[in-house]
Amino acid sequence: MDAARLRQLAVEAGLDLVGAVPVRPSPTWDAYVHWVDAGYAGGMAYLTRADAVARRSDPRLVLPQARTVLVCGVSYAGPAVPSLPPLGGRVARYAWGPDYHDWLLARLERLVQLLEGALHVSVVSRCFVDTGPVLERAWACAAGLGWVGKHGCLIHPGLGSFVLLGVALLDVDLPETAPGSLPSCGTCTACIDACPTGALVAPGVLDARRCLSYLTIENRGAIPEPVRAAVGGRAFGCDTCQDVCPWNRKPMKGASTDSVPETAVLFLPDLLTMDADTYARRFRRSPIWRATLEGLARNAAVVLGNTDDPAAHPYLVAAATGHPSPLVREHAADAIQRLARRS
Ligand code: SF4
Ligand code: SF4
């Protein structure tokens, strides 16, 4: 099998990008350890537990017989960002459609099946989309798919950085798709300059504790008061550093994505009154599920406190006095005060 055939099979499986590299100790593992030691992972225990850190040092700690790291990618650049309606909150682009963990994993597993057919062998594999102890971006770079931009995301020269990654560890050898000559960020600092909270503390180094994506999705506690205004209209996640990246302004050739803007904007009052059944019905198959109902209601209160729309006030009063979660009540009360200070 050559690299061209591998790409053909990837396209057949519904993938935009594919690369392969012989297994070896993980590139950039030292930088990851420094990042964890600096506290930049915030409360993401799945990244900071000692066993999780150790297992990321070498894929053979995950699959002892691994010989190849296969990396795939799918663009989710999709349609233009819709304008924000009254009392609406933005959703990060990757969550506009069905949960990519499901459909991208299915495509990656399909690629492994196609490889088995093409190689006439049975392949032992472990496939991961975000959920495994592998350093996806580092392996994507090693396989020649792009470089890590100063915003910390992989940039593919044709597809930009709105790319979802999956990794499969395989017990067979595949042709290496080593990096050719790739461009770089050069002197650009647009993402660092545009970040509303200064979360990009050095080129490619994210302090998650300051990042609105982390604070509105992974964070289970309060959004720190000093950054609540910076949340702006973001109800779930943040795309700012990628939106300003010049590599995302090019037309997206060959992009295939299931993302549709069905949840690009959320009506915030709904989030303040939603019950658990409705939340599960609406978001169980969406990446938004990750934020939890309480977290989304907290975010809704913060965003409503950032609007200049008087229509937000009664919803915030109702949440500040009657919401079952003390966390949401506190954020709603604070939002009312912030609205009052600006009126
Ligand atoms: S996602 Fe938003 S808050 Fe996080 S680094 Fe990018 S611009 Fe900053
Ligand atoms: S905005 Fe500029 S510096 Fe940031 S990742 Fe894109 S090219 Fe690199």
Side-chain angles (χ1 to χ4, degrees), residues 28 31-32 35-36 38-44 47 73 75-78 81 84 89-96 100 130 136-138 140-141 145-165 179 181-219 221-252 264 287-288 290-291 295-296 298-299 302-303 306:
T28 75
Y32 159 63
W35 182 76
V36 168
Y40 291 152
M44 291 185 279
L47 291 174
S75 164
Y76 64 100
V81 177
L84 203 56
R90 288 200 185 290
V91 171
R93 184 180 281 278
Y94 78 87
W96 289 4
Y100 67 94
D130 277 359
E136 290 97 343
R137 279 168 304 172
C141 292
L145 300 190
W147 74 99
V148 174
K150 293 177 188 173
H151 51 28
C153 306
L154 182 90
I155 303 178
H156 177 270
L159 295 181
S161 71
F162 288 118
V163 170
L164 302 166
L165 295 175
S181 107
L182 283 168
S184 72
C185 291
T187 56
C188 176
T189 57
C191 52
I192 295 172
D193 300 340
C195 176
T197 56
L200 294 166
V201 293
V205 181
L206 176 79
D207 183 349
R209 298 167 300 183
R210 295 197 223 173
C211 174
L212 298 178
S213 199
Y214 168 79
L215 289 171
T216 59
I217 300 173
E218 299 292 330
N219 167 34
I223 294 179
E225 287 184 31
V227 303
R228 290 182 191 177
V231 170
R234 301 171 184 84
F236 178 93
C238 172
D239 282 332
T240 297
C241 51
Q242 295 195 80
D243 282 338
V244 299
C245 180
W247 291 95
N248 290 330
R249 285 194 215 122
K250 297 168 54 172
M252 299 301 157
I288 294 173
R290 178 84 183 161
L296 267 190
R298 171 203 61 197
N299 300 346
V302 172
V303 175
N306 291 336

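Values below: all heavy atoms of this structure, side chains included; hydrogens, waters and symmetry mates excluded. When a ligand or atom number is given, it counts from 1 through the structure's own listing order.
- Because its NZ or CZ atom is not both nearer than 6.0 Å to the ring centre of Y76 and within 45° of the ring axis, R93 does not count as a cation-pi partner of that residue.
- Near T240, the atoms of ligand 1 lying under 4.0 angstrom from a non-hydrogen atom of the residue are 7 (S).
- Close approach of ligand 1 to T197 is summarised as follows: ligand atoms under 4.0 Å from at least one heavy atom of the residue are 3 (S).
- Looking at atom 4 (Fe) of ligand 2, its nearest protein heavy atom turns out to be C191 SG, 2.3 Å.
- The protein atom (non-hydrogen) at minimum distance from atom 2 (Fe) of ligand 2 is C188 SG, 2.2 Å.
- Separation of atoms CZ (R234) and CZ (R90) is listed at 9.0 Å; rounding is to 0.5 Å.
- For the side chain to side chain contact (heavy atoms under 4.5 Å, CB included) with V231, the qualifying choice from V302, T197, L215 is V302, the only one to do so.
- Only side-chain heavy atoms of L206 come within less than 4.0 Å of ligand 1; its backbone N, CA, C and O stay farther off.
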(request) Apply side chain to side chain contact (heavy atoms under 4.5 Å, CB included) to E136 and D130, showing your working. (result) CA-CA 8 Å; E136 290 97 343; D130 277 359; 4.2 Å; yes
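- Counting atoms of ligand 1 from 1 in the listed order, those under 4.0 Å from a heavy atom of L212 are 3 (S), 4 (Fe).
- No side-chain donor-acceptor contact under 3.5 Å links T216 and N299.
- In I155, the part holding a heavy atom less than 4.0 Å from any atom of ligand 2 is the side chain.
- At the shortest separation from atom 8 (Fe) of ligand 2 among protein heavy atoms lies C185 SG, 2.3 Å.
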(message) Does W247 form a side chain to side chain contact (heavy atoms under 4.5 Å, CB included) with W147? I'd like the steps, not just the answer.
(response) CA-CA 12 Å; W247 291 95; W147 74 99; 3.5 Å; yes
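- Residue-ligand proximity, W247 to ligand 2, at heavy-atom distances under 4.0 Å covers atoms 7 (S).
- Coordination check, C241 versus atom 6 (Fe) of ligand 2: failed, since every N/O/S atom of the residue sits at 2.8 Å or beyond.
- Per-residue contacts place C195 under 4.0 angstrom from the following atoms of ligand 1 (heavy atoms of the residue considered): 3 (S), 5 (S), 7 (S), 8 (Fe).
- A distance of 10.0 Å separates CG of L159 from CG of L145, quoted to the nearest 0.5 Å.
- The nearest heavy-atom contact from the protein to atom 6 (Fe) of ligand 2 is C245 SG, 2.4 Å.
- Looking at C245, C185, C241 one by one, the single match for side chain to side chain contact (heavy atoms under 4.5 Å, CB included) with K150 turns out to be C185.
- Within the 2.8 Å limit, H151 places no N, O or S atom next to atom 8 (Fe) of ligand 2.
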